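Heavy-atom basis, side chains included; hydrogens, waters and symmetry copies ignored. FYI, the numbering just counts along the sequence from 1. As the structure is a computational prediction, the values presented were derived from the model and not from experiment.
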Amino acid sequence: MRTVAVIQARMGSSRFPGKVLADLCGRPVLAHVIDRVSRATSVDSVVVATTTHPADDAVVAVAGELGVDVSRGPVDDVLTRFLMAARERSAGVIVRVTADCPLLDPAILDAVVSARADVDAEYASNVMPPTYPEGYDVEAVTLECLERLDAEALSDWEREHVTVRIREHPDEFRTVNVTNDRDLSAIRLTVDVVRDLDRVARILTALPSEPSPDVATVVAYFETADETLRDQTGLPRRDERYRAQRDAARRPAIGG
């Protein structure tokens, strides 16, 4: 089956507008993500999935400069965007990556893709439960499973977060999880707020650019760095938005 990596990217962000194109050591964050994903050996092609909003013309331009295909879809329906990108490129397996993960390790992506194929799972990830730092999340889902999610995911929060229906109903799907030998899930290395960008920039500045530092190299530096880098007080929690939206949707309405 053809495996397509789909990078989810848009300029709109409530916490950090424009973060996907923010400067990170001289390049946009998105450029770092594209570079990392493109180094994976298990994907046949890479595509950036963005929206039709005019603000995302800038995302399209950067992707074009980097020679990466783009798919554009609805602003408020990320699941539909992924389906469009998958169908346009005849994907049998879709690898989901978000554009706020500039340190992503391509070896982890390959491990997730391989784990899915090894057991013929519908869905593979390293987040059920997470044992890698936040910012290294990867998911691989078959086209058939993605189409099933499209039919069953009716709420706004399910469609925004694409695969959370699987995480909410794991017994209903054939899944496999890639687990690290150490639980590093408490370490935050994603870019969701400006402070995150500064922390990741410090890491990239301190480490050699070639070869791109893998997760072990990054974590080794992080764990020996000074407290100002390691301090995560006040930063958003993992999956904070998804959990808040889910819980709000499930909360009984007050009054009549």
Side-chain angles (χ1 to χ4, degrees), residues 3-10 13-15 33 37 42 49 76-83 85-86 91-101 104-105 108-180 182-192 215 235-251:
T3 300
V4 176
V6 179
I7 302 172
Q8 174 182 329
R10 69 185 184 95
S13 169
S14 57
R15 292 193 181 113
V33 180
V37 173
S42 59
D76 298 320
D77 190 341
V78 188
L79 178 49
T80 291
R81 272 187 254 155
F82 270 82
L83 263 177
V93 176
I94 300 90
V95 181
R96 181 183 178 221
V97 175
T98 56
D100 50 9
C101 299
L104 181 71
D105 189 335
I108 297 175
L109 191 157
D110 287 334
V112 170
V113 173
S114 178
R116 190 217 64 81
D118 287 346
V119 297
D120 192 27
E122 296 173 284
Y123 171 83
S125 76
N126 61 346
V127 298
M128 290 178 62
T131 54
Y132 287 92
E134 186 174 4
Y136 288 83
D137 297 354
V138 178
E139 299 171 285
V141 60
T142 64
L143 178 62
E144 291 79 6
C145 186
L146 197 64
E147 290 174 334
R148 176 183 167 186
L149 292 174
D150 182 49
E152 296 180 359
L154 303 179
S155 64
D156 291 343
W157 63 272
E158 286 179 313
R159 301 195 70 83
E160 177 180 342
H161 300 285
V162 185
T163 57
V164 293
R165 187 169 183 82
I166 300 173
R167 295 163 66 180
E168 293 290 325
H169 305 277
D171 294 341
E172 298 179 11
F173 298 86
R174 301 192 314 278
T175 69
V176 63
N177 192 61
V178 173
T179 304
N180 193 34
R182 288 179 58 203
D183 185 356
L184 304 172
S185 59
I187 298 176
R188 177 183 173 85
L189 295 172
T190 187
V191 174
D192 195 32
V215 64
L235 291 173
R237 294 172 297 165
R238 184 189 285 264
D239 294 332
E240 184 176 281
R241 177 177 171 85
Y242 140 53
R243 296 184 189 281
Q245 291 174 313
R246 177 199 63 188
D247 295 347
R250 291 175 175 175
R251 194 174 299 128

Asks: Would a 4.5 Å heavy-atom cut-off, applied to side chains only, mark S125 and N177 as touching?
Replies: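 In short, these two side chains touch, coming nearer than 4.5 Å.
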Asks: On a heavy-atom basis, which atom in L149 and which in T163 lie closest, and how many Å separate them?
Replies: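 Shortest heavy-atom separation between L149 and T163 comes out as CD1-CA, 4.2 Å.
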Asks: Would I187 and Y136 satisfy side chain to side chain contact (heavy atoms under 4.5 Å, CB included), going step by step from the backbone distance to the final call?
Replies: CA-CA 10 Å; I187 298 176; Y136 288 83; over 6 Å; no
Asks: Just so I know, are the side chains of E122 and E144 near enough to count as touching, which here means a heavy-atom distance under 4.5 Å?
Replies: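 They are not in side-chain contact.
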Asks: Within the structure provided, determine whether I108 and V178 are in side-chain contact (heavy-atom separation under 4.5 Å).
Replies: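 Not touching, per the 4.5 Å side-chain cut-off.
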Asks: Looking at every heavy atom in both V33 and A99, which two are closest together, and how far apart are they?
Replies: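 Closest approach of V33 to A99: CG2-O, 3.7 Å.
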Asks: Check V164 against E158 and note the closest heavy-atom contact, atom names and distance.
Replies: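 Scanning both residues, the minimum pair turns out to be CG2-CA, 3.8 Å.
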Asks: Looking only at heavy atoms, which two atoms of V141 and Y123 are closest? And how far apart?
Replies: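 In this case the closest contact between V141 and Y123 is CB-CD1, 4.2 Å.
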Asks: Measure the shortest side-chain to side-chain distance between I94 and L83 over non-hydrogen atoms and say whether it is less than 4.5 angstrom.
Replies: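 Result no, sub-4.5 Å side-chain heavy-atom pair not found.
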Asks: With heavy-atom distances below 4.5 Å as the criterion, would you say the side chains of D247 and R251 are in contact?
Replies: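 Yes, side chains in contact.
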Asks: Might you work through the side chain to side chain contact (heavy atoms under 4.5 Å, CB included) test for V112 and V176, ending with a clear yes or no?
Replies: CA-CA 9 Å; V112 170; V176 63; over 6 Å; no
Asks: In chain order, what residues pass the side chain to side chain contact (heavy atoms under 4.5 Å, CB included) check against R250, with sequence neighbours excluded?
Replies: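 If we apply the side chain to side chain contact (heavy atoms under 4.5 Å, CB included) test to R250, skipping adjacent residues, the hits are W157, E168, R246.
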Asks: Which atom pair, heavy atoms only, marks the closest approach of R81 to A49?
Replies: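 Reported closest heavy-atom pair: NH1-O, 4.2 Å.
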Asks: Nearest 0.5 Å, please: how far is CG in D156 from NE2 in H161?
Replies: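 Answer rounded to 0.5 Å: 10.0 Å.
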Asks: In Å, rounded to the nearest 0.5 Å, how long is the span from CG of L184 to CD of E134?
Replies: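 CD of E134 is found 13.0 Å from CG of L184.
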Asks: Looking at D183, I want to see if its CG is surrounded by more than 12 non-hydrogen atoms of other residues, nucleotides or ligands under 6.0 Å.
Replies: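 More than 12 heavy atoms, drawn from other residues, nucleotides or ligands, come within 6.0 Å of this atom.
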Asks: With a 3.5 Å distance limit and no angle check, can you tell me whether D100 reaches the backbone of T190 through a side-chain donor-acceptor pair?
Replies: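 Side chain of D100 to backbone of T190: no pair is present.
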Asks: Take R237 and R243, measure what side chain to side chain contact (heavy atoms under 4.5 Å, CB included) needs, and give me the verdict at the end.
Replies: CA-CA 10 Å; R237 294 172 297 165; R243 296 184 189 281; over 6 Å; no
Asks: Distance-only, no hydrogens or angles: does the N180 side chain make a donor-acceptor pair with backbone N or O of Y132 under 3.5 Å?
Replies: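 A pair under 3.5 Å: no.
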Asks: Any side-chain heavy-atom pair from C101 and D137 closer than 4.5 angstrom?
Replies: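 No, their side chains stay 4.5 Å or more apart.
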Asks: Before giving the answer on side chain to side chain contact (heavy atoms under 4.5 Å, CB included), spell out for R148 and R165 the whole-Å C-alpha distance, their side-chain angles and the decisive distance to 0.1 Å.
Replies: CA-CA 10 Å; R148 176 183 167 186; R165 187 169 183 82; over 6 Å; no
Asks: Would you name the heavy atoms of D150 and R159 that are closest together and state the gap between them?
Replies: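 That closest heavy-atom pairing would be OD1-NH2, 2.5 Å.
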Asks: Is the closest side-chain heavy-atom distance between R167 and D239 below 4.5 Å?
Replies: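 Yes; the side chains approach each other to less than 4.5 Å.
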Asks: Which residues pass the side chain to side chain contact (heavy atoms under 4.5 Å, CB included) test with P236, not counting sequence neighbours?
Replies: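 P236 satisfies side chain to side chain contact (heavy atoms under 4.5 Å, CB included) with R15, R188, D192, V193, E240 only.
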Asks: Could you go through the side chain to side chain donor-acceptor pair (under 3.5 Å) check for H169 and E152 one step at a time?
Replies: CA-CA 12 Å; H169 305 277; E152 296 180 359; over 6 Å; no
Asks: If I take atom OG1 from residue T98 and atom CZ from residue R10, how far apart are they, to the nearest 0.5 angstrom?
Replies: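 It is 12.0 Å, given to the nearest 0.5 Å.
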Asks: Is there side-chain contact between V138 and L104, with heavy atoms separated by less than 4.5 Å?
Replies: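 In short, these two side chains touch, coming nearer than 4.5 Å.
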